[in-house]
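Report on one structure; see the data block that follows.
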Amino acid sequence: QLQLVESGGGLVQPGGSLRLSCAASGFTLSYYSIAWFRQAPGKEREGVSYTPSSGSFTFYADSVKGRFTISRDNAGDAVYLQMNSLKPEDTAVYYCAGRPRTIGGDWRNQRLYDYWGQGTQVTVSS
């Protein structure tokens, strides 16, 4: 089965940047719709960004729009989340989630995803 692995988290000052990666050993992600979710301490897990398996469309939560960018590498080996102008409220464990083909529904519904990574910690603090 597909096992997603996130990397790239860490500690950063407010206003700084990080790039998260989501990849799967032995698999290409070209045919998977991929979303990023995050869960902050004491809060519900929320959708951050999404890109379907076909096309170059992208979707973002209002709280990160204009600051975060989701993208794929040319070979389909990884999906990235570039995070700029980071704020303390961005502090959370970030997860990537995947599902084959395009999702017919609200991308923010985590029940639609078949595969999940283990998460990577992002901490934004002075």
Side-chain angles (χ1 to χ4, degrees):
Q1 65 176 28
L2 184 69
Q3 178 64 57
L4 300 177
V5 179
E6 306 96 336
S7 62
L11 175 65
V12 65
Q13 295 281 317
S17 298
L18 287 172
R19 189 180 76 164
L20 306 184
S21 298
C22 175
S25 180
F27 294 87
T28 177
L29 296 180
S30 296
Y31 303 107
Y32 290 82
S33 294
I34 299 293
W36 287 94
F37 289 80
R38 68 184 181 186
Q39 187 166 25
K43 297 184 178 180
E44 299 290 327
R45 187 172 297 181
E46 64 175 345
V48 177
S49 187
Y50 168 73
T51 182
S53 60
S54 59
S56 300
F57 300 102
T58 57
F59 300 84
Y60 301 93
D62 289 342
S63 60
V64 307
K65 191 173 183 178
R67 300 187 297 119
F68 291 11
T69 303
I70 190 170
S71 64
R72 299 176 183 266
D73 69 5
N74 292 332
D77 295 324
V79 175
Y80 305 107
L81 185 68
Q82 178 67 46
M83 306 185 296
N84 298 325
S85 302
L86 283 162
K87 305 175 180 179
E89 52 262 44
D90 294 318
T91 295
V93 177
Y94 284 71
Y95 302 87
C96 67
R99 173 182 170 127
R101 312 300 292 179
T102 302
I103 293 174
D106 189 341
W107 68 270
R108 298 169 297 180
N109 182 0
Q110 60 189 298
R111 295 178 63 88
L112 297 177
Y113 298 90
D114 301 308
Y115 306 104
W116 291 80
Q118 75 289 150
T120 185
Q121 177 71 49
V122 172
T123 302
V124 185
S125 180
S126 300

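- Scanning all heavy atoms of the two residues, the minimum distance from Trp116 to Gln3 falls at O-NE2, 3.4 Å.
- Taking each heavy atom of Ala35 and Tyr113 in turn, the nearest pair found is CB-OH, 3.3 Å.
- Counting heavy atoms from C-beta outward, Asp114 and Pro100 have side chains that approach closer than 4.5 Å.
- Between the side chain of Tyr60 and the main chain of Ile70, a donor-acceptor pair closer than 3.5 Å is present.
- If you chain together hydrophobic residues whose side chains sit under 4.5 Å apart, Leu112 and Val48 never meet in one group.
- For the pair Gln82 (side chain) and Thr69 (backbone), a donor-acceptor distance under 3.5 Å is absent.
- The hydrophobic cluster containing Val64 also contains Leu81, counting ILVMFWY residues as joined when their side-chain heavy atoms lie under 4.5 angstrom apart, directly or transitively.
- Judged by the 6.0 Å and 45° rule, Arg19 forms a cation-pi pair with Tyr80.
- Here OG of Ser53 is found 5.0 Å from CZ of Arg101. Values are rounded to the nearest 0.5 Å.
- The minimum heavy-atom distance between Ala61 and Gly47, with the atom names listed, is CB-O, 3.4 Å.
- Under the 4.5 Å side-chain heavy-atom criterion for ILVMFWY residues, a single connected hydrophobic cluster contains both Phe37 and Val93.
- Aromatic ring pairs are classed by plane angle as parallel below 30°, tilted from 30° to 60° and perpendicular above 60°; the pair Tyr32 and Tyr115 is perpendicular.
- With values rounded to the nearest 0.5 angstrom, Leu2 atom CG is found 6.5 Å from Leu29 atom CG.
- Residue Gly9 comes nearest to Leu20 through the heavy atom pair N-CD2, 3.6 Å, listed as atom of the first residue, atom of the second, then distance.
- No donor-acceptor pair closer than 3.5 Å links the side chain of Thr120 to the backbone N or O of Tyr94.
- A chain of hydrophobic side-chain contacts below 4.5 Å, direct or via other Ile, Leu, Val, Met, Phe, Trp or Tyr residues, connects Val122 to Trp36.
- Taking the side chain as every heavy atom from C-beta outward, Arg45 and Tyr95 approach each other to under 4.5 Å.
- Sequence neighbours left out, the pairs with a member in residues 23-43 that pass salt bridge (Lys or Arg N to Asp or Glu O under 4.0 Å) are Arg38-Glu46, Arg38-Asp90.
- Side-chain atoms of Ser49 come within 3.5 Å of backbone atoms of Phe59 as a donor-acceptor pair (strictly under, hydrogens ignored).
- Looking only at distances, no side-chain donor or acceptor of Thr51 sits under 3.5 Å from a matching main-chain atom of Thr58.
- Taking CD of Gln13 as the reference point, atom OG of Ser126 lies at 5.5 Å (rounded to 0.5 Å).
- Rounded to the nearest 0.5 angstrom, Gln121 CD and Leu11 CG are separated by 9.5 Å.
- For the atom pair CZ of Phe68 and OG of Ser63, the computed distance is 7.5 Å after rounding to the nearest 0.5 Å.
- Listed here is the closest heavy atom pair of Leu86 and Arg67: CA-NH1, 3.9 Å.
- Here the closest non-hydrogen pair linking Arg72 and Pro52 is NH2-O, 3.1 Å.
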